[in-house]
Enquirer: 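First, the structure itself, so that you have it in front of you.
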2 protein chains.
Amino acid sequence: MSEFYSIGQLSKLAECKVPTIRWYEDKGLLPAPTRTEGNQRRYTKRHLTTLRFIRHARALGFDLPAIEKLQQLNGCCYGDHIEADRIAQEHLDDVRNKIAKLKAMEAELVAMIEGCDYEHSHKCRILDVLADHGLCGSDHQ
Amino acid sequence: MSEFYSIGQLSKLAECKVPTIRWYEDKGLLPAPTRTEGNQRRYTKRHLTTLRFIRHARALGFDLPAIEKLQQLNGCCYGDHIEADRIAQEHLDDVRNKIAKLKAMEAELVAMIEGCDYEHSHKCRILDVLADHGLCGSDHQ
DNA sequence: CTTAAAGTCTCTAGTGACTAGAGGTTCAAG
DNA sequence: CTTGAACCTCTAGTCACTAGAGACTTTAAG
């Protein structure tokens, strides 16, 4: 078994685009790998694990600074566990806030679209509502 | 009643920051107002109406190209109504997609946080799950 | 061994919708 | 007339990438 992956191989294995890998290295999330004599990157299994960690955390919506903090915790002591929990909980709150906002948007959009009875009124409620916040029910920001 | 607003007054009336107003003008969403001899902007009620339309549409999550299209519809003919409806519906689908994705994230975050029983296992499930996608249930991207 | 194709390198610029700041000018009140 | 708030333009920064240019390296076929 060959020990090294090129950036393209790593890209396929981790389902992460090549420029994104380089970008993570640039930002310090993925350690710089060794290079060939011709200056091309050669990665190890460890890099693959790290990259998968990053991608998984991204898929869950963590931002890069949070991921960097999570990486520094290795989970072997109680403090690490508490801190990981705090970061995850904070992010969960964030996600829930976003959901709430989007649901408010959704409700208002539905009301707007369904309330539009052009056939009868010959006025488009969608454009009316947009023009006048007073015409819509909720107090979105 | 004075006919004109300064950019600061408009800002307060429309609850929109001053640089944002200038930026909308730059992007062609808000018509360029007249200027004083000293080159300061002077807005009319019409500008206020337009700016409120933009802000309301933004609050509902429409992006600027969509808002520009909506502005060009005045709602007085059937075609306008159909088009406004199409744009709104498309955006609603978008919003619902985002909600679905966030809910998937939420579920997985909750599972991760609640499944973390550090007291017993002395391993932090949060970090474990992030390191290995296989440990989590869903097929988020 | 040569050659061609595919892969890789660095660097810059663009995305969306603003926001922040520098450095200078104008307005309105007293 | 002075002062200070508001205004002007322009540039750069945000986030997490993505796209592209132009040059170099690696790999597989012949």
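Model, not experiment: these values are computed from the prediction. Residue numbers begin at 1 in each chain, while the letters A, B, ... track the order of the sequences.
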Enquirer: Measuring from B/Asp80:CG to B/Asp85:CG, what's the distance to the nearest 0.5 Å?
Expert: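 Interatomic distance, B/Asp80 CG to B/Asp85 CG, rounded to 0.5 Å: 12.0 Å.
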Enquirer: Just to verify, what does A/Arg46 make a side-chain hydrogen bond (donor to acceptor under 3.5 Å, both in side chains) with, not counting sequence neighbours?
Expert: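 side-chain hydrogen bond (donor to acceptor under 3.5 Å, both in side chains) check on A/Arg46 returns nothing, list empty.
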Enquirer: Mind checking what makes salt bridge (charged side-chain N to carboxylate O under 4.0 Å, His left out) contact with B/Glu68, not counting sequence neighbours?
Expert: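 Checked B/Glu68 against salt bridge (charged side-chain N to carboxylate O under 4.0 Å, His left out); zero matches.
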Enquirer: Suppose we screen for side-chain contact (heavy atoms from CB on, under 4.5 Å). Which residues come up paired with A/Glu90, at least two apart in sequence or across chains?
Expert: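 Applying side-chain contact (heavy atoms from CB on, under 4.5 Å) to A/Glu90 gives A/Arg86.
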Enquirer: What does the inter-axis angle of the helix from C/dC1-D/dG30 to C/dG30-D/dC1 come out as, five pairs per end, nearest 10 degrees?
Expert: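 Between the first-five-pair axis and the last-five-pair axis there is 10°.
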Enquirer: Name the pairs: protein N/O against N/O of nucleotides 1-4 of chain D, kept only if under 3.5 Å.
Expert:
none

Enquirer: Can you check the A/Leu30 CG to D/dA16 P distance for me, whole Å?
Expert: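 That distance rounds to 16 Å.
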Enquirer: Starting at atom CD of A/Gln9, determine the distance to atom P of D/dT25, rounded to an integer number of angstrom.
Expert: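 Value for this atom pair: 19 Å.
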Enquirer: Could you grab the distance from atom OG1 of B/Thr50 to atom CD1 of B/Ile67, nearest 0.5 Å is fine?
Expert: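 Reported value, rounded in 0.5 Å steps: 12.0 Å.
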Enquirer: Distance-only criterion, 3.5 Å: show the donor-acceptor pairs between side-chain atoms of residues 20-33 of chain A and protein atoms not counting sequence neighbours.
Expert:
residue : atom : partner : partner atom : Å
A/Tyr24 : OH   : A/Arg55 : NH1          : 2.6
A/Glu25 : OE1  : A/Arg41 : NE           : 2.8

Enquirer: Do any N or O atoms of the protein come closer than 3.5 Å to N or O atoms of nucleotides 21-23 of chain D, and which pairs are they?
Expert:
none

Enquirer: Under 3.5 Å, which donor-acceptor pairs link side chains of residues 11-19 of chain A to any protein atom two or more places apart or in another chain?
Expert:
residue : atom : partner : partner atom : Å
A/Ser11 : OG   : A/Cys16 : O            : 2.8

Enquirer: Which residues pass the side-chain hydrogen bond (donor to acceptor under 3.5 Å, both in side chains) test with A/Thr44, sequence neighbours left out?
Expert: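 Once residues adjacent in sequence are excluded, the partners of A/Thr44 under the side-chain hydrogen bond (donor to acceptor under 3.5 Å, both in side chains) criterion are A/His47.
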Enquirer: So, taking the atom named CD in A/Glu114 and the one named CG in A/Leu109, what distance separates them when rounded to the nearest 0.5 Å?
Expert: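 One finds 11.0 Å between CD of A/Glu114 and CG of A/Leu109.
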Enquirer: How long is the gap from CE on B/Met105 to CZ on A/Arg96, to the nearest 0.5 Å?
Expert: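 Reported value, rounded in 0.5 Å steps: 14.0 Å.
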Enquirer: Can you sort out the partners of B/Gln40 under side-chain hydrogen bond (donor to acceptor under 3.5 Å, both in side chains), two or more places apart, ordered by chain and number?
Expert: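 Once residues adjacent in sequence are excluded, B/Gln40 has no partner under the side-chain hydrogen bond (donor to acceptor under 3.5 Å, both in side chains) criterion.
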Enquirer: Report the distance from atom CD1 of A/Ile21 to atom C1' of C/dG7, rounded to the nearest whole Å.
Expert: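 Answer to the nearest Å: 13 Å.
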Enquirer: Tell me, for nucleotides 10-27 of chain C in 5' to 3' order, what letter each nucleotide earns: B for a base near a protein heavy atom under 4.0 Å, S for only sugar-phosphate near one, - for neither?
Expert: B------BBS------SS
Enquirer: Specify the separation, in whole Å, of atom CZ of A/Phe4 and atom P of C/dG7.
Expert: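 The answer, rounded to whole Å, is 21 Å.
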Enquirer: So, taking the atom named CG in B/Asp63 and the one named NE2 in B/His91, what distance separates them when rounded to the nearest 0.5 Å?
Expert: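 Rounded to the nearest 0.5 Å, the CG-NE2 separation comes out at 8.0 Å.
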Enquirer: With sequence neighbours excluded, tell me which residues meet side-chain contact (heavy atoms from CB on, under 4.5 Å) with B/Ala84.
Expert: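 Once residues adjacent in sequence are excluded, the partners of B/Ala84 under the side-chain contact (heavy atoms from CB on, under 4.5 Å) criterion are A/Cys124, A/Ile126, A/Leu127, B/Leu70, B/Leu73.
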